[in-house]
Amino acid sequence: MSVPDHDTEKHGQKRKREHKAHAGENVHIGDGRSGNKKSSTTNTASAETPKDESKARTKKPEFKNLPKRQRSTDVQRNNPKKAAFLPNRSLAGKSNALLQVRQKLPIWPKASDIRNKLLESDVLVLTAETGSGKSTQVPQFLLSAPWCTGRVAVTQPRRVAAISLARRVSDEMGSSLGKSPYSKVGYSVRFDDNVGRDNKIKFLTEGMLLQEMLRDPALTEYSCVIVDEVHERSVNVDLTLGFLRGLVTGTSDACSKRKGKPLKVVIMSATADTESLLHWFKQGYQEAKSAPIASAPDSVQNSDKNASNSSRDGEVLEANDRAINEDDEKMLIKVKGRQHTVQTIYLTQPTQDILEAALLRIFEIHRKEPMPGDILVFLTGQDAVTDLQRSIEETIPAIITLDSGLPKLQVLPLFAALPQAQQQLIFEASPPNTRKVIIATNIAETSITVPGVRFVIDSGKAKIKRYRPTIGLDSLLVKPITKSSAEQRKGRAGREAAGKCWRLYTSKDFETFEKDTEPEILRTDLSSALLTMMARGIDDVVGFPLLAKPSREAMGRALLQLYKIGALSDDGHINEMGHKIARLPLTPALGRVIIAAASEEMDCLMHVIDIVSCFSVENIFLEIKDEDSRPEVGEARARLSRRQGDHLTILAAVQGYAAENSDRKAWARQHMISHRAMQNVMDARKQICAQCVQAKLLSKTTLAEAEDREIVSENTANNILKCFLRGFSNNVARLVPDGSYRTIHGNQLVAIHPSSGLFGKKVEAILYNEFVFTNKSYARGVSAIQLNWLDELISSEA
DNA sequence: GAGCACTGC
């Protein structure tokens with residue numbers, strides 16, 4: 001199997017490369033536009049390497065809830081040669097064949113129960129374990145409901161999941177996908193909108209639904225919103241639920257725009273605490289009943305609870321009463337999954353050395369457990385993964401000497417920063433008589449499903465990011481996982497057959513784990529979430545219904561932050577600047593930088609967009625390892641390096657990549673820059689440019705002229721950094737006499753991260769993109785600035 | 001001298 005690396009570059013010369021490419025996401029390109037016999041792949045992928053094409057761009061489509069056998073149709077789609085031979089009856093034929101499989105899913109017998117409950121109630125909470133088929137079947141069940149005159153939306157936390165589920169459901173329905181005529185199923189994710197006029201079901205990311213609410217807060221196009229994977233509790237899902245509660249209970253201003261058409265909300269989750277979810281919705285109905293006017297501010301609400309209800313629709317009130325009095329059972333459905341049994345084995349004594357324990361366990365499994373059966377090990381991070389990989393590889397020779405009859409071991413690391421081609425290896429069949437050992441971070445818990453796993457080894461730990469509002473610092477530390485997370489990891493052994501899970505902790509330790517992972521909204525910088533609310537008309541962000549209430553401190557810090565960048569007026573309401581920032585798919589700080597760069601005085605928008613695009617995707621720089629580094633790589637990198645620091649170095653990298661018109665992939669390899677990350681940067685750049693044109697921050701002519709960007713002058717370089725200062729005025733530290741850096745606000749000690757070009761350098765002051773505590777407080781994405789720029793900043797604000 | 005995982009018209 002060749003490494004799927006050389007996918008499209010030769011072909012890419014001819015077509016505009018940028019808008020297609022975000023490897024790992026586009027499950028397959030162009031497919032949506034022609035889900036029928038004329039395989040779309042012909043115009044994009046190299047016909048001679050169809051498999052490589054699909055693999056290069058695919059993190060394995062994740063059919064969480066479907067048995068492996070069912071995935072075969074996707075293989076056919078991925079393989080245009082094969083697909084070309086499929087007769088044209090394929091759509092209907094495929095759908096019929098799939099029906100038999102669907103009927104065996106645990107969720108299948110629940111169809112009428114689900115429909116009946118939604119006749120009575122607008123809200124339904126459905127818990128279903130992995131393998132039940134909920135994500136694919138429930139949307140289809142609802143299409144025949146009498147209230148279902150509009151679309152059914154299904155939200156997903158991740159883009160790949162939204163796309164692959166849409167494809168699966170369209171197959172099941174005998175429909176083509178997306179924009180093609182008569183297609184019943186579409187999807188909408190960032191960079192890839194594939195929704196057709198006739199679509200009845202639309203899969204979309206949570207973020208995308210929130211975006212749609214900006215334009216249509218009442219979600220008038222939908223009869224139902226299914227919120228899937230709620231147990232993951234992303235910030236976006238919590239915001240989504242808040243808005244949906246307002247819509248179903250009638251407290252949202254937007255309700256009247258639905259013109260009496262009901263909105264049904266189905267909340268689907270694997271493990272969530274269903275009682276409290278339901279309780280929270282009922283509480284919403286209760287509050288709606290006592291609130292005098294839709295979305296009245298607190299002060300008004302408190303003044304007279306029995307004041308006129310006349311402004312609200314009588315029907316809504318009736319529905320609310322019904323909901324409040326409803327028996328919980330009538331709003332709840334639980335479905336068993338179809339997982340194979342997994343035996344759990346704990347340590348009898350706690351261990352000090354997880355890697356050692358994992359190493360022993362791996363060889364123990366390898367000697368005693370039958371083949372086939374791959375091993376999946378969950379560790380905390382990239383370092384641990386590569387350490388264990390090394391130990392295993394060092395130990396293998398000794399083990400073989402002891403027992404030469406053992407099967408071989410193939411060790412495969414898996415973490416997000418790993419180049420795509422290497423991630424892809426886990427999906428490839430291992431050589432005969434070989435057992436795979438996949439050593440993974442949390443990426444294998446939710447984002448990537450590893451096939452062939454029968455044995456799981458769980459370290460019981462993960463790195464968790466947590467924001468500290470008091471000092472504006474993110475910490476990224478190793479913590480014990482939660483019970484639900486441990487169950488999730490264990491379940492990875494039982495997807496294809498019965499399996500075993502070794503936990504590298506005692507059952508007593510397990511009992512000390514928290515039940516569920518703390519919702520992200522409680523451990524993140526809230527400025528983005530609050531701006532999202534405000535831009536959608538929520539005046540009283542403190543009163544916005546959230547399943548988990550962040551601390552006052554965190555809210556206060558975020559509001560202050562928004563005020564500081566000028567997104568709020570003095571009275572605390574969102575202003576025009578805030579609205580502009582909210583429209584950009586960026587953090588508020590980065591959005592503010594964009595606005596600053598568009599000013600006549602600064603005039604460096606195109607450059608700033610390049611840098612901001614990089615900060616909004618993963619790290620573009622690959623690590624140069626000592627062993628394999630070719631001298632020319634070091635030189636190529638050095639040519640990109642800029643003395644001012646990382647911002648301008650990144651700019652040089654993006655410009656170098658964008659200017660390369662013949663072979664960008666080779667350029668990326670030559671500079672040890674991630675091609676995949678760069679494709680994402682190009683997508684983001686294009687999107688941000690388009691939005692800047694729309695917001696009149698950028699004229700189309702400037703955009704067109706900017707294709708060859710000139711060398712950055714000293715003055716422009718300074719302006720670029722001054723723009724970043726606008727959004728990141730808190731992220732400034734100055735050199736103090738002992739040679740360390742301390743923050744201007746708060747006098748915190750800051751070390752320049754070793755990945756920075758300014759590492760080890762002493763400059764009067766630094767500006768940085770991120771402040772993260774790992775084993776020290778590190779500044780990442782660092783540039784040198786002049787302290788007097790801060791005075792300029794203050795005087796220009798005044 | 002070091003990087004859990006996602007998302008955004």
Side-chain angles (χ1 to χ4, degrees), chain A residues 22 24-25 59 155-162 188-193 195 204-216 229 232-240 378-386 414-418 440-448 459 461-466 474-479 481 485 488 517 520 523-524 528-529 531-532 535 581-588 590-591 613 616-623 626 674 677 680 683-684 686-688 690-691 694-695 751-756 759-760 770 772-776 778-781:
Chain A
H22 38 102
E25 300 292 353
K59 265 186 207 160
T155 70
Q156 292 293 320
R158 282 169 291 279
R159 294 190 283 176
V160 237
S188 177
V189 301
R190 188 181 186 191
F191 305 135
D192 194 358
D193 183 77
V195 178
L204 70 179
T205 49
E206 294 148 0
M208 211 51 127
L209 190 74
L210 289 170
Q211 276 318 112
E212 289 188 2
M213 284 179 184
L214 212 47
R215 195 190 45 205
D216 176 15
E229 312 284 14
E232 292 188 20
R233 291 300 297 278
S234 62
V235 172
N236 283 349
V237 95
D238 279 20
L239 292 177
T240 303
F378 283 100
L379 296 179
T380 52
Q382 196 173 319
D383 273 350
V385 167
T386 43
L414 180 64
F415 46 84
L418 195 71
T441 61
N442 246 356
I443 193 171
E445 200 179 300
T446 48
S447 304
I448 294 183
S459 65
K461 297 194 183 301
K463 278 190 192 172
I464 307 279
K465 202 170 194 176
R466 169 179 274 282
D474 267 319
S475 63
L476 184 58
L477 299 173
V478 173
K479 290 272 163 67
I481 58 171
S485 183
Q488 182 73 22
T517 309
E520 193 191 2
R523 47 189 177 84
T524 197
S528 202
L531 192 65
T532 301
I581 294 172
R583 296 193 72 88
L584 294 164
L586 296 168
T587 60
L590 287 174
S613 304
S616 73
V617 307
E618 74 263 54
N619 188 9
I620 60 166
F621 295 111
L622 294 172
E623 189 183 7
D626 294 339
S674 159
N680 285 327
D683 277 337
K686 197 178 158 207
Q687 185 189 24
I688 296 166
Q691 278 165 350
Q694 212 177 352
I752 296 177
H753 195 272
S755 65
S756 167
F759 177 70
E770 263 186 312
V772 187
F773 184 91
T774 51
N775 55 27
K776 268 197 219 179
Y778 282 114
R780 302 177 57 184

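Treat the numbers as computed from the prediction; the structure is a model and nothing was measured. Chain letters run A, B, ... following the sequence lines, proteins first, then strands; residues in each count from 1.
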Look at the side chain of [X] and decide which nucleotide, out of [options], has an atom nearest to it.
X	options	answer
Arg583(A)	dG1(B), dA5(B), dC9(B)	dC9(B)
Ala416(A)	dG3(B), dA5(B), dC9(B)	dA5(B)
Glu520(A)	dA5(B), dT7(B), dG3(B)	dA5(B)
Arg215(A)	dG1(B), dG8(B), dC9(B)	dC9(B)
Ser447(A)	dG8(B), dG1(B), dC6(B)	dC6(B)

Roughly how many Å is it from [atom1] in [X] to [atom2] in [N], rounded to a whole number?
X	N	atom1	atom2	result
Leu622(A)	dA2(B)	CG	P	20 Å
Leu209(A)	dG8(B)	CG	C1'	12 Å
Phe415(A)	dA2(B)	CZ	P	16 Å
Ile448(A)	dA5(B)	CD1	P	9 Å
Asn680(A)	dG8(B)	CG	C1'	13 Å

May I ask you to verify if any side-chain N or O of [X] is less than 4.0 angstrom from the OP1 or OP2 atom of [N]?
X	N	answer
Thr441(A)	dA5(B)	yes
Thr205(A)	dC6(B)	no
Arg159(A)	dG8(B)	yes
Thr532(A)	dG8(B)	no
Gln382(A)	dA2(B)	no

[X] side chain to [Y] backbone, donor-acceptor under 3.5 Å:
X	Y	value
Ser459(A)	Phe378(A)	yes
Glu770(A)	Arg780(A)	no
Glu520(A)	Val235(A)	yes
Arg159(A)	Thr205(A)	no

Select base, sugar-phosphate, or nothing to describe what [X] touches, counting heavy atoms under 4.0 Å on all strands.
X	value
Leu214(A)	nothing
Ile464(A)	nothing
Gln694(A)	nothing
Asn775(A)	sugar-phosphate
Thr774(A)	sugar-phosphate

Q: Apply side chain to side chain contact (heavy atoms under 4.5 Å, CB included) to Leu214(A) and Gln211(A), showing your working.
A: CA-CA 5 Å; Leu214(A) 212 47; Gln211(A) 276 318 112; 3.9 Å; yes
(Q) What I want to check is whether an N or O donor and acceptor connect the side chain of Asn236(A) with the base of dG8(B) at under 3.5 Å. (A)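 A donor-acceptor contact between them is absent.
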